[in-house]
Amino acid sequence: MRMLFSCLVDADFLATQAFVNPGQSLSRPTIKPPFNEMQIELDKRLSDLANSGRGSQNVSDCRQEVLSACRAAAMQSPGLFSLTVPTGGGKTLSSLAFALDHAAQHKRHYQSWHG
């Protein structure tokens, strides 16, 4: 629910900006890299984090389990998904990995979302 609300607030802000200040709105970058490029960059970031030695091995192992579960769930049919993990458990990057993998698995792309 919070994510949907956040998306709604962001979309409302961008629509208002486009109306009130079209020049600033048009200056926003509209580059949309292919999902596979985003996946490659995310995988690099995840690898760097895993090899950085930050945090305890136990926490790193738990984060890796969360990431693996999210990537496995991405192979499921489209629907509603839930992720409940304690603070610091790697939800943000794991859910991003899920989203990119799910989009690739089900051949989703920008045009299918924006008409």
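These numbers come from the heavy atoms of this one structure, side chains and all, not from hydrogens, waters or symmetry mates. All of these numbers come straight from a predicted model, not from anything done at the bench.
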Backbone N/O of [Y] and side chain of [X]: donor-acceptor pair under 3.5 Å:
{"X": "S47", "Y": "K44", "answer": "no"}
{"X": "S6", "Y": "R2", "answer": "no"}
{"X": "K91", "Y": "T84", "answer": "no"}

No-hydrogen, no-angle side-chain donor-acceptor test under 3.5 Å, D43 and Q39: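 Side chains of D43 and Q39: no pair found under 3.5 Å.
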Same apolar cluster (I L V M F W Y, side chains within < 4.5 Å links), L93/V66: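 Not linked; separate clusters.
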Connected via hydrophobic side-chain network under 4.5 Å: V85 and L49: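 In one cluster with V85: L49, no.
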Q76 to H106 - nearest heavy-atom pair and separation: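 Looking at all heavy atoms of both residues, the closest pair is O-NE2, 2.6 Å.
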Under 4.5 Å between any side-chain heavy atoms of [X] and [Y], yes or no?
{"X": "M75", "Y": "D101", "result": "yes"}
{"X": "L83", "Y": "C70", "result": "yes"}
{"X": "H102", "Y": "P78", "result": "yes"}
{"X": "V59", "Y": "S56", "result": "yes"}

Output the distance between atom [atom1] ([X]) and atom [atom2] ([Y]), rounded to the nearest 0.5 Å.
{"X": "C62", "Y": "L67", "atom1": "SG", "atom2": "CG", "value": "13.0 Å"}
{"X": "R63", "Y": "S68", "atom1": "CZ", "atom2": "OG", "value": "14.0 Å"}
{"X": "Q105", "Y": "R71", "atom1": "CD", "atom2": "CZ", "value": "13.0 Å"}
{"X": "E41", "Y": "L100", "atom1": "CD", "atom2": "CG", "value": "11.5 Å"}
{"X": "L42", "Y": "L46", "atom1": "CG", "atom2": "CG", "value": "4.0 Å"}
{"X": "M38", "Y": "I40", "atom1": "CE", "atom2": "CD1", "value": "11.0 Å"}

Chi angles and distances behind the side chain to side chain contact (heavy atoms under 4.5 Å, CB included) call for D12, D10: CA-CA 5 Å; D12 182 59; D10 189 49; over 6 Å; no
